[in-house]
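Labels below follow one simple rule: chain letters A, B, ... track the order of the sequence lines, proteins then strands, and each chain is numbered from 1.
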Number of protein chains: 2
Amino acid sequence: MIHIKEVAKQTQITVRTLRYYDQIGLLSAPSKTEGGHRLYSEEELKKLQYIHFFKRMGYKLQEIKDMLSDPEWDWSSGLKSQLAFILEEQRRLRSMELSMRELINGIAVEGGNEPLAVQKLIQLSNQHKKGLPDLKEHQLKAKEPDLWAKLPKMNGEDPDSLEWIALLGQIKRLIKGDPASSKVQNIIRRMAEKQGEQFGDEEQFVNELWEIRKSPKQSEQLGLYPIEQEVLDFMEQAFQIYLSAADSRISKEETDEH
Amino acid sequence: MIHIKEVAKQTQITVRTLRYYDQIGLLSAPSKTEGGHRLYSEEELKKLQYIHFFKRMGYKLQEIKDMLSDPEWDWSSGLKSQLAFILEEQRRLRSMELSMRELINGIAVEGGNEPLAVQKLIQLSNQHKKGLPDLKEHQLKAKEPDLWAKLPKMNGEDPDSLEWIALLGQIKRLIKGDPASSKVQNIIRRMAEKQGEQFGDEEQFVNELWEIRKSPKQSEQLGLYPIEQEVLDFMEQAFQIYLSAADSRISKEETDEH
DNA sequence: CCTTGAAAGTGACGCTGCGTCATTTTGTAT
DNA sequence: ATACAAAATGACGCAGCGTCACTTTCAAGG
């Protein structure tokens, strides 16, 4: 017969908890001293291990009490349903994680305008819930699923997505300035490089995507992170400048070669 | 100005919850009718979206209240620590999942003797916690880490592990019978086949593993699922019979060829 | 203007699993 | 016998509402 503090030491369960288990009839002390001090036996230690194990598995004390007292308890279905519950919780946490990453990246894009980032995210998730039945299977998504999957994701943690996010964030900071400035042009060049690396010769796809981008409604319905119209215009402007500059470099090189 | 029920409808948040948020000062109604009925504006709807979003992210109401009221709130570290918390929770659930699978498979092996399966699992996890510093890096584990990783796992869900578990469970049911019986021999043959498929010519490894298996202490220290001595003996016996039967088949075939 | 039924209000208890006082008894060593 | 550790009981607290129970207010119809 061991007293309560010994049990606590051996099982790492607090004295308070042991008394509570006694109180709710989950694990009662088999005997007491004349003065009323609880005395436990090895039997209780084992039972306590059981209880502790199932509690760590996420069972509620009442459930554990039921399964210990009921010799007809259906282990098979009980364990499986608990496993299903655990898997469901994992999915829930996974989606929480993705939303948090999306928010963190969104704040980076918005250059520290947190409320705006939160607002856009909420807007997106509302959109997502609505189901958008007509455009859900957009031709582009259906036609090129593999390319679509390669698009940078706001909830991603891969280096590619992160750089896109960083580039976009920088553009937004420079929007008041000159689209021909070297800072802007360097960013645009980097974007063009990445686009080339990731989508290569799929120009058709990239063009269509850009068209969608320029329509806020379509972008939203397809779950693309919302970008303000002026930012898009600025980027297009800068891109035109970039292209013509590249052209003139080429013709200059051609001239040089002569 | 909208009534509380309208807000509830639009946001999917119950009236009770809205009143509670008002009570704790998280979201108070900006005005009331003469009679004291709450009236909300669009402003509150937005704020409610915020609150709802962060609650889904696992924040406590008090934390949300703090971050909404404090304009100096540190978004960056706040979001990152919450993300870390979410990741930690995912790890916790993952280990819960593995333990549950281990238990479910253990029950299959023990042929429905649930308390025994639970007991063995608890024993294993206790062992695991102790750290077992001397044998933790057993030579076999260190020498052949890739082979070690291919061993069937009690917490696995792959078909190979499941078949090993099933075979072991059947052996345990037949332990009272004759090791030379066809039922037992068929199981042993299947085990030999699988061993051949999975470990091929690594006889050295398999032999060492079997030696460890025959020592309960070593098995336990290496985290192998405990198998009773008599089961091991029975299996060895049956295996010997299987081998000699195979030998005699071969010599018979040789004889036939002459 | 009055009635009526729906909707809104307040207040209080319940749930989970203990942590944390506060106060009283019991056990044990000197 | 005394003193001090350890045990016991009892009660409140927490988080986030759900769920009565009871009262008051709102808006529409007669």
Separation of A:Leu116 CG from A:Glu110 CD (nearest 0.5 Å): 4.5 Å

Sugar-phosphate, base or nothing in reach of A:Ile24, heavy atoms under 4.0 Å: nothing

First encountered from the 5' end of DNA chain D, between B:His3 and B:Gln62: B:Gln62

Closest-nucleotide 5' rank along DNA chain D - winner of B:Leu61 and A:Ile4: A:Ile4

Distance below 4.0 Å between A:Tyr20 side-chain N/O and C:dG19 OP1 or OP2: no

Verdict with supporting geometry, B:Glu42 and B:Lys46, salt bridge (charged side-chain N to carboxylate O under 4.0 Å, His left out): CA-CA 7 Å; B:Glu42 292 295 331; B:Lys46 273 193 193 173; over 6 Å; no

Flag if over 12 foreign heavy atoms under 6.0 Å of OH, A:Tyr50: yes

Interatomic distance, A:Lys60 NZ vs C:dG17 C1' [rounded to whole Å]: 12 Å

Closest-nucleotide 5' rank along DNA chain C - winner of B:Arg38 and A:Tyr59: B:Arg38

Backbone N/O of B:Val109 and side chain of B:Lys172: donor-acceptor pair under 3.5 Å: no

Check ion pair B:Glu228-B:Lys120 (N to O, under 4.0 angstrom): yes

Touch class at under 4.0 angstrom, heavy-atom based, for A:Arg19 against every strand present: base

Derivation of the side chain to side chain donor-acceptor pair (under 3.5 Å) call for A:Ser41 and A:Glu44: CA-CA 6 Å; A:Ser41 73; A:Glu44 276 64 43; 2.6 Å; yes

Please set out all donor-acceptor pairs under 3.5 angstrom arising from side-chain atoms of residues 57-64 of chain A, sequence neighbours excluded.
residue	atom	partner	partner atom	Å
A:Tyr59	OH	A:Gly78	O	3.4
A:Gln62	NE2	A:Asp66	OD1	3.0
A:Glu63	OE1	A:Lys60	N	2.8

Distance in angstrom units between A:Lys55 NZ and C:dC18 C1', rounded: 9 Å

Nearest-Å distance for atom pair CD/C1', residues A:Gln12 and C:dC18: 17 Å

NZ/NE/NH1/NH2 to OD/OE distance under 4.0 Å, B:Arg92 and B:Glu88: no

Show the distances under 3.5 angstrom between N or O atoms of the protein and N or O atoms of nucleotides 24-27 of chain C.
residue	atom	partner	partner atom	Å
C:dG27	OP1	A:Thr33	OG1	3.0
C:dG27	OP1	A:Gly35	N	3.2

Which nucleotide in C:dT10, C:dT20, C:dA12 has an atom nearest any side-chain atom of B:Arg16: C:dA12

A:Ser161 (side chain) donor-acceptor with A:Glu157 (main chain) under 3.5 angstrom: no

Interface limits on DNA chain D, where chain B has a heavy atom under 4.0 Å of a nucleotide atom: D:dG16 to D:dC26

